[in-house]
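Here is the structure we will look at.
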Amino acid sequence: GDADVELARIRARVDKNDPTAICLLGQKYYHGNLGLQKDVRRAAELWTEAAELGSNQAFFELGLAYQRGEGVEQNEKKAVHFYTKAAKQGHVLSRNNLGCIEGVRGNHNRAVRHWLISAKMGDTFAVEKIKNMFMIGFATKEQYAEALTGYQVAVEEMRSHDRDEAKRLGGC
C-alpha cells in the first residue's frame, strides 16, 4: 500500500544518512505510523542520530523527549541543551519552550527574552505570553510594545516574500 511505499522511500534516504529522513523515521516510530510498532525509545535513538548529523528538527524532538521523559530518562538540563541548539538555528518552538521552562523556574526576565525573539520571528503565542507577563507585572510595557512591533514586522516580511514569490511564479 501507500504506507509501504512511503516507508520504503524514507528508509532509502535513511540508508544514505539523510538527517531529515532519519528524523522523520523517528517521528513515524514515535507515533506508530506507516504500520510501524509505536516505539518511543527507537524514536529517541533515531533523533539522536539525526541530531549528530545536524538536523534542527531532531534537536527539537530530543528537547521534547528529555523534557517529557519519553524514550529517554527525563532530564530538564538535557532538554534545555537540545532546545538551545535548535533555537540558535532559528527553531521557533524550541525558543518558545525555553521561555516556558524559564517561566516555570521563576526566571521571568529570561522567559520574556526568549519570547521576544520568538515574537520577532512571527510567533503569535509568544506575543500572547508577553502580554500575559505584562498584565501580571513580569514584563515591561516597553517589552510588550517591542514584541508587538517585532511580530508585525516579521508578519509583513513574510507577506511581502509570499507576494514576491507569487509575482515571480506569475500568480495574480
Side-chain angles (χ1 to χ4, degrees), residues 19-31 33 40 43-44 46-48 50-168 171:
T20 306
I22 296 167
C23 182
L24 183 61
L25 186 59
Q27 290 166 333
K28 300 303 178 189
Y29 271 107
Y30 179 84
H31 294 288
N33 296 133
V40 293
L46 286 161
W47 291 330
T48 301
E52 283 164 4
L53 293 167
S55 165
N56 210 21
Q57 185 65 29
F59 287 136
F60 169 70
E61 298 290 359
L62 282 171
L64 278 179
Y66 279 105
Q67 190 175 8
R68 296 171 174 165
E70 292 180 333
V72 291
E73 205 169 319
Q74 192 170 10
N75 183 329
E76 193 178 80
K77 201 173 168 184
K78 281 188 177 178
V80 168
H81 166 77
F82 286 116
Y83 284 147
T84 302
K85 283 184 97 86
K88 283 181 178 165
Q89 292 181 47
H91 195 278
V92 176
L93 271 177
S94 293
R95 180 69 67 185
N96 192 27
N97 290 5
L98 286 169
C100 294
I101 289 170
E102 292 297 355
V104 169
R105 290 176 174 173
N107 300 331
H108 304 297
N109 278 337
R110 285 176 125 172
V112 170
R113 280 205 303 270
H114 283 300
W115 292 328
L116 265 173
I117 294 168
S118 288
K120 290 173 184 176
M121 291 166 79
D123 182 9
T124 322
F125 296 111
V127 178
E128 276 304 303
K129 287 187 173 108
I130 292 174
K131 178 184 175 184
N132 295 338
M133 294 295 264
F134 169 61
M135 304 290 270
I136 57 175
F138 288 127
T140 66
K141 191 176 180 177
E142 289 73 26
Q143 285 171 318
Y144 181 39
E146 187 183 341
L148 277 174
T149 307
Y151 171 76
Q152 285 157 349
V153 167
V155 168
E156 196 43 55
E157 279 172 6
M158 287 185 265
R159 272 199 207 112
S160 63
H161 173 268
D162 291 346
R163 268 197 305 270
D164 295 345
E165 194 64 6
K167 266 188 204 139
R168 193 179 69 76

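- Summarising the geometry, atom CE belonging to Met158 is positioned 12.5 Å from atom CZ belonging to Arg163; distances are rounded to the nearest 0.5 Å.
- By the ring pair (Phe, Tyr, Trp, His ring centres under 6.0 Å) test, Tyr144 pairs with Phe134, sequence neighbours left out.
- Lys120 pairs by the salt bridge (Lys or Arg N to Asp or Glu O under 4.0 Å) definition with Glu146, not counting sequence neighbours.
- Here Thr20 contributes atom OG1 and Leu25 contributes atom CG; the two are 12.5 Å apart, rounded to the nearest 0.5 Å.
- The ring pair (Phe, Tyr, Trp, His ring centres under 6.0 Å) search around Phe82 returns Tyr66, not counting sequence neighbours.
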Please set out all donor-acceptor pairs under 3.5 angstrom arising from side-chain atoms of residues 96-109, sequence neighbours excluded.
unit_1, atom_1, unit_2, atom_2, d
Asn96, OD1, Trp115, NE1, 3.2
Asn96, OD1, Lys129, NZ, 3.2
Asn97, ND2, Tyr83, OH, 3.1
Glu102, OE1, Asn107, ND2, 2.6
Arg105, NE, Glu76, OE1, 3.0
Arg105, NH2, Glu76, OE1, 2.9

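- Two residues are said to be in side-chain contact when any heavy atoms from C-beta on lie closer than 4.5 Å; Arg113 and Ile117 fail this criterion.
- The two residues Ala154 and Gly122 make their nearest non-hydrogen contact at CB-N, 3.5 Å.
- Residues Cys23 and Ala58 approach most closely at SG-N, 3.6 Å, considering heavy atoms.
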Step-by-step side-chain contact (heavy atoms from CB on, under 4.5 Å) determination, Leu24 to Lys28
CA-CA 6 Å; Leu24 183 61; Lys28 300 303 178 189; 3.9 Å; yes
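- If you check the side chains of Glu156 and Gln152, you find no donor sitting under 3.5 Å from an acceptor.
- Counting only heavy atoms from C-beta outward, the side chains of Lys85 and His91 never approach each other to under 4.5 Å.
- The shortest side-chain heavy-atom distance between Arg159 and Asp162 does not fall under the 4.5 Å cut-off.
- Taking 4.5 Å as the limit, every side-chain heavy atom of Phe60 sits out of range of all side-chain heavy atoms of Asn56.
- Legend: residues meeting ring pair (Phe, Tyr, Trp, His ring centres under 6.0 Å) with Tyr30, ordered by chain and number and at least two apart, are Trp47.
- In this structure, Ser94 and Ala86 approach most closely via the heavy-atom pair OG-CB, 3.2 Å.
- Residues passing the salt bridge (Lys or Arg N to Asp or Glu O under 4.0 Å) test with Glu128, sequence neighbours excluded: none.
- The two residues Val112 and Ile130 have their closest heavy-atom pair at O-CD1, 4.0 Å.
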Pair Gln143-Met133, side-chain contact (heavy atoms from CB on, under 4.5 Å): steps then yes or no:
CA-CA 10 Å; Gln143 285 171 318; Met133 294 295 264; over 6 Å; no
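- Summarising the geometry of Lys88 relative to Arg95, their closest heavy-atom pair is N-NH2, 4.2 Å, with the distance given to 0.1 Å.
- The nearest pair of heavy atoms linking Leu62 to Ala44 is CD2-O, 3.8 Å.
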